[in-house]
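Hydrogens, waters and symmetry mates are skipped; everything else that's a heavy atom, side chains included, is used. Chain naming here is simple, since letters A, B, ... match the order of the sequence lines and numbering starts at 1 in each.
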Amino acid sequence: MNGTNVFDILKERGFIQQTTHEEQIRELLGKESVTFYIGFDPTADSMTAGHFLTIIAMAHMQRAGHKPIALLGGGTALIGDPTGKTDMRKMLTQEIINHNAECFKKQFEILIDFDNHKAIMENNANWLLELNYVNFIRDIGVHFSVNRMLTAECFKSRLEKGLSFLEFNYMLMQGYDFLELYKRYGCRLELGGDDQWSNILAGTDLIRRVEGVEAYGMTFTLLTTSEGKKMGKTEAGAVWLDPTKTTPYDFYQYWRNVADADVEKCLALLTFLPMDEVRRLGSLPGEKINEAKKVLAFEITKIVHGEEEALKSQQATEALFGGGGDSEAIPTTEITKEQAAFGINIIDMLVLTALAPSKAEARRLITQGGVVVNDQKVTALDLVISDKDFADSKLIIKKGKKTYHRVRIAE
RNA sequence: GGGGAAAUUCCCGAGUGGCCAAAGGGGGCAGACUGUAAAUCUGUUAGCAACGCUUUCGGUGGUUCGAAUCCACCUUUCCCCA
């Protein structure tokens, strides 16, 4: 191990929230290559910005010479983690979970190097699905105190709302995962989001009781705004890493729009820029802070979607917000020559481009002055857009202040 | 197993036979002010072939000229007792 201890790097960048044994963990990371694990439940077909923070942390660890195990929760996803959920999750089928796991796998590879066994991908379905119930509760269940579990923060809110036995078991499953990874790979460190704290403790306790070995746990800051809201979510849903679910342009825009107060934190947590630079950007005064946001958006988009997409998004942004011009990267809808020749009502156009979910909403937008076509505010509800409105077969519709959409006539 | 309570639009939550597409708040969207920020103020927030029509108050059926509101059954949840 050479260079700065990765523990200090993570700490400086603001990742670390809680640790089981701060000094021992730091020491361990400083002296040997440590095998550690982070679990991901594949409950959707793409990871989100929240997962991304964890992957970045994982990458920092790997770069420092440690060995990550990305544990896909093919088994635990069947149960559903009750942590932070106010209601019971809907159950996912085995098929969907497997599909999701495949999607997750590809996304890990963006930042984690799995070549030459430098990292391991596991799936807890491999051991959880074949567990024998009686054996499990005899061997594992004995080590868990229900009294203690009930006092865990993660169950408290659910005790008011109702918690099924199924979900109550989630903690045991995750604890068991850690034990299993210790046995298979000698893994003694589990990392995760701060909401995973009690689940992680379940694992470290279990290993100590069953194996008599000290295991460690550490949690990362959750990606929240300065107001305490979860980041990575928009009204339209989560910010996905999958470009078909959140286009690189929209992804870029999301980060371009973070609040002033959150820029520095995001730069530290979600990019690999040196901390000196992060601090410099974060302390830019007033309007200048926009520079920091541009860097943030560019860097994150580059990591997730590649430099080319990041550049395209950046150029599109400059063209649109700088006035005039357009770019390939703007979300685009194609219409046929016939449609263009015949003309399309502005209301239908808004629905067609998904800028408005319904015609009523489209009408409302226009009435409130929120629609601009080719730099002209739309005031008439019966405006018809036809081929004369297209320049070079293209036209730009702007919804509100910052949502741009391009319509192109297909060849 | 016994008893009680509840389910309302994106969320919370009012509404106990017509004045209900349903108060209020939150959130969202749009406008003004700005820096693609925050704060603040204003408007808006089921759909449609739109001065009217259609779907919506856990589900299914019923009573009624008329049901989110009454009745029956079902589903789910919570609370108390065991």
Once you apply the 3.5 Å cut-off to both distances, tell me the Watson-Crick or G-U wobble partner of G43(B), or none.
C29(B)

Is there, by distance only and without an angle test, a donor paired with an acceptor across the side chain of Gln368(A) and the base of G43(B) below 3.5 Å?
yes

C70(B) and A6(B), which share atom name P, separated by this distance in whole Å:
10 Å

Can you classify the ring geometry of His51(A) versus Phe40(A) as parallel (below 30°), tilted (30 to 60°) or perpendicular (above 60°)?
tilted

Cationic tip of Arg408(A) above Phe390(A) ring, under 6.0 Å, 45° of axis:
no

Fit a plane to each ring of Phe251(A) and Trp255(A), take the angle between them on a 0 to 90° scale, and name the class: parallel (under 30°), tilted (30 to 60°) or perpendicular (over 60°).
perpendicular

Would you say the side-chain atoms of Asn100(A) pair up with the backbone N or O of Ser46(A), donor to acceptor, closer than 3.5 Å?
no

Partner lookup for U69(B), please. Criteria are Watson-Crick or G-U wobble with both distances under 3.5 angstrom; report none if nothing qualifies.
none

Between C73(B) and A22(B), how many Å separate the two C1' atoms, rounded to a whole number?
27 Å

Looking at the side chain of Leu365(A), which of A49(B), G35(B), C29(B) is the nearest nucleotide?
C29(B)

Of Glu361(A) and Lys377(A), whose closest RNA chain B nucleotide lies nearer the 5' terminus?
Glu361(A)

How far does the P atom of U69(B) sit from the matching atom of G17(B), given to the nearest Å?
11 Å

As a test of reading the structure: which of U44(B), A38(B), C33(B) is closest to the side chain of Lys401(A), going by heavy atoms?
C33(B)

Nearest-nucleotide pick for Lys359(A), side chain only, options being G43(B), A49(B), G35(B):
A49(B)

Selected nucleotide, minimal atom distance to Arg364(A) side chain, candidates C48(B), U45(B), U36(B)
U45(B)

Side chain to side chain donor-acceptor pair (under 3.5 Å) test vs Lys245(A) passes for just one of Asp45(A), Thr48(A), Asp250(A), namely Asp45(A)

Rounded distance in Å between the C1' positions of G62(B) and U44(B):
39 Å

What's the gap between G43(B) and A67(B) when it is taken at their P atoms, as a whole Å value?
35 Å

Regarding Lys288(A), tell me which of base, sugar-phosphate or nothing describes its non-hydrogen contacts under 4.0 Å with the strands shown.
nothing

RNA chain B contacts among residues 270-287 of chain A, heavy-atom distance under 4.0 Å
Gly286(A), Glu287(A)

Sole residue of Asp177(A), Thr43(A), Asn124(A) in side chain to side chain donor-acceptor pair (under 3.5 Å) with Thr76(A)
Asn124(A)

Provide the distance between the two C1' atoms, one in A23(B) and one in U8(B), to the nearest whole Å.
13 Å

Taking the same atom, C1', in C10(B) and in U63(B), what whole-Å distance lies between them?
34 Å

Rounded distance in Å between the C1' positions of U55(B) and A46(B):
8 Å

Write down the partner of U64(B) under the Watson-Crick or G-U wobble criteria, each distance required to be under 3.5 Å.
none

Are side-chain N/O atoms of Gln314(A) and Thr317(A) paired as donor and acceptor at under 3.5 Å?
no

Where each residue is assigned the nucleotide of RNA chain B containing its nearest heavy atom, which of Pro357(A) and Ile289(A) is assigned the position nearer the 5′ end?
Ile289(A)

Tell me which pairs pass salt bridge (charged side-chain N to carboxylate O under 4.0 Å, His left out) where either residue lies in residues 122-134 of chain A, with sequence neighbours left out.
Glu122(A)-Arg184(A)

Now, which nucleotide makes the Watson-Crick or G-U wobble pair with U76(B), with each of the two distances under 3.5 Å?
A6(B)

